[in-house]
Amino acid sequence: MRFMVIVKATKDSEAGVMPSEEMLEAMAKFNEELVKAGVMLDGNGLHPSSKGARIRFSGDKRTVVDGPFAETKELIAGYWIIQVKSREEAIEWMKRCPNPYNEEGEIEIRQLFELEDFGESDAIEHHRKLGEEMAKKK
Amino acid sequence: MRFMILVKATKDTEAGILPPPDHELFKIMTDYHEELTKAGVLLDGNGLKPSSKGWRIYYSGDKRTVVDGPFTEAKELVAGYTIIQTKTREEALEWSRRFPNPSLDGREAEIEVRQLYELEDFGESQSIDRLREMDVGVLGRK
């Protein structure tokens, strides 16, 4: 089972304040454990929303809206992708995650769909082949 | 430069409604991601199960509290994402403009495009070196 761990944005992350060396060290240690246990698949931090954009769809119409976006609590500042055997294992790992915020904050953990969840069709088979192609490139 | 294209949740995604595998949306999305692959732009892409299957961990200093989903604010939730690598922000914007309307009924939807940090953005330190050696995600992939 794969899970996405979402780190929410804060005023600091939206202001582009970089993490302290202490925080980076705590995260490096935690990530190292994840890597050694074969749990970590990916992890990244996002630039502030001021460097981003949104695209609104209405039928075939598209409207581009440049950042920044005001509702900080709804924004994402970073994520991990982890692979574990059970939901409980994912909870156990992430409870050990260093507090990624200076004071209070929240992370959200969500299960990823696997291709098998969608049933079979030409399009799904096409997706599977794309996945295999991408895996080869890595 | 790497960018994350975030697909926002809707009532449908939060209800766990999956389109049938022969739904037009699958074909359109597959065609688009195939173009990304052919152009060497696609790095990753996934769909998230409804928040009812997820949980949140609330931090206050060293304290942690686990809160089970579902979470009510559908508009704030993420339903899926695609990670792309391009030479410029403009190129990323062009690709994202061609992203298919991800809604099931083809009506209203919104995606958000955000640049990812690269390790170089953080400066140099022992921790950054350790992250680089792990070679996962921000942890050093080029």
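Lettering of chains follows the sequences in order, A, B, ..., and the numbering in each one begins at 1. Keep in mind that the numbers below use all heavy atoms, side chains included, and drop hydrogens, waters and symmetry copies.
Taking each heavy atom of S58(A) and E108(B) in turn, the nearest pair found is OG-OE2, 3.0 Å. Taking both residues in full, the closest heavy atoms of A28(A) and S127(B) are given as CB-O, 4.1 Å, listed atom of the first, atom of the second, then distance. Heavy-atom minimum distance, K49(B) versus L112(A): CE-O, 3.6 Å.
Only the side chain of L18(B) comes within contact range of chain A, with heavy atoms under 4.5 Å apart. With a 4.5 angstrom heavy-atom cutoff, R128(A) does not touch chain B via any of its atoms. Both the backbone and the side chain of N99(A) come within contact range of chain B, each with at least one heavy atom under 4.5 Å from a heavy atom of that chain. Using a 4.5 Å cut-off between heavy atoms, A90(A) touches chain B through backbone and side chain atoms alike. Heavy atoms closer than 4.5 Å to chain B are found in both the backbone and the side chain of P48(A). Both the backbone and the side chain of F118(A) come within contact range of chain B, each with at least one heavy atom under 4.5 Å from a heavy atom of that chain. Neither the backbone nor the side chain of I5(B) comes within less than 4.5 Å of any heavy atom of chain A. In this structure, the portion of N46(B) lying under 4.5 Å from any heavy atom of chain A is its side chain and not its backbone. Residue L36(B) does not touch chain A at all, counting heavy-atom pairs closer than 4.5 Å. Heavy atoms of K8(B) lying under 4.5 Å from chain A belong exclusively to its side chain.
To the nearest 0.5 Å, atoms CG (D42(A)) and CG (L116(B)) are separated by 8.5 Å. One finds the NE2 atom of H23(B) at 11.5 Å from the OG atom of S121(A) (value rounded to the nearest 0.5 Å). Within the model, atoms CZ of R54(A) and CD of E110(B) stand 5.0 Å from one another, a figure rounded to the nearest 0.5 Å. Here the CZ-CE distance, from R130(B) to M27(A), works out to 13.0 Å after rounding to the nearest 0.5 Å.
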Item to check | Residue pair I111(B), F57(A): steps toward the side-chain contact (heavy atoms from CB on, under 4.5 Å) verdict | outcome: CA-CA 8 Å; I111(B) 60 174; F57(A) 296 87; 3.8 Å; yes
Next on the checklist: side-chain contact (heavy atoms from CB on, under 4.5 Å) for L75(A) and R114(B)? Distances and angles first, verdict last.
Outcome noted: CA-CA 10 Å; L75(A) 295 168; R114(B) 300 278 301 279; 4.2 Å; yes
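Relative ring orientation between Y79(A) and Y81(B) is described as tilted, the plane-to-plane angle lying within the 30° to 60° band.
When only modelled atom types and interatomic distance are considered, E21(A) and S125(B) share a side-chain donor-acceptor pair under 3.5 Å.
Summarising the local packing, CD of Q126(B) is surrounded by 12 or fewer heavy atoms from other residues, nucleotides or ligands at distances under 6.0 Å.
N101(B) places a side-chain N or O within 3.5 Å of a backbone atom of G59(A) that can act as its donor or acceptor partner.
Ranking E32(A), E120(A), K51(A), M4(A) against chain B, the residue ahead of the rest is E32(A), based on heavy-atom pairs under 4.5 Å. Between chain B and the residues G78(A), A53(A), G67(A), G119(A), the largest count of heavy-atom pairs under 4.5 Å involves A53(A). Heavy-atom pairs under 4.5 Å with chain B were tallied for I76(A), I91(A), L115(A), I124(A); the largest tally goes to I91(A). Contact count against chain A (heavy-atom pairs under 4.5 Å) is highest for T37(B) among T37(B), I83(B), L6(B), D62(B). Each of R89(B), K53(B), H33(B) has some count of heavy-atom pairs under 4.5 Å with chain A, and the biggest count is that of R89(B). Contact count versus chain A (heavy atoms, under 4.5 Å) is highest, among L93(B), L77(B), I57(B), I128(B), for I57(B). Taking S51(B), S96(B), A92(B) one by one and counting their heavy-atom pairs under 4.5 Å with chain A, the maximum is reached by S51(B). Chain A forms more heavy-atom pairs under 4.5 Å with one residue of G123(B), P100(B), S103(B) than with any other, namely P100(B). Heavy-atom pairs under 4.5 Å with chain A were tallied for G80(B), S60(B), A109(B), P20(B); the largest tally goes to A109(B).
Two residues are said to be in side-chain contact when any heavy atoms from C-beta on lie closer than 4.5 Å; D121(B) and H47(A) meet this criterion. Looking at heavy atoms from C-beta onward, M18(A) lies in side-chain contact with Y117(B) at the 4.5 angstrom threshold. Under the 4.5 Å side-chain criterion, counting only non-hydrogen atoms from C-beta, F99(B) is not in contact with I55(A). Side chains of K8(A) and R56(B) form a contact here, defined as non-hydrogen atoms less than 4.5 Å apart. Counting only heavy atoms from C-beta outward, the side chains of N44(A) and R2(B) approach each other to under 4.5 Å. For the pair I107(A) and Y59(B), the minimum side-chain heavy-atom distance is below 4.5 Å.
Within residues 65-73 of chain B, the residues having any heavy atom under 4.5 Å from a heavy atom of chain A are, by residue number, V66(B), D68(B), F71(B).
In terms of hydrophobic clustering, with Ile, Leu, Val, Met, Phe, Trp and Tyr side chains grouped at heavy-atom distances under 4.5 Å, L24(A) and F30(A) are assigned to a common cluster.
Note on residues 90-107 of chain B: pairs passing salt bridge (Lys or Arg N to Asp or Glu O under 4.0 Å), not counting sequence neighbours, are E35(B)-R98(B). Judged as a salt bridge (Lys or Arg N to Asp or Glu O under 4.0 Å), the pairs with a partner in residues 16-28 of chain B (not counting sequence neighbours) are, in order, K27(B)-D31(B).
With respect to W55(B), the side chain to side chain contact (heavy atoms under 4.5 Å, CB included) criterion is satisfied by exactly one of R110(A), Q111(A), R87(A): R87(A).
The hydrophobic cluster around Y58(B) extends to none of the other residues, as no ILVMFWY side-chain heavy atom falls under 4.5 Å of it.
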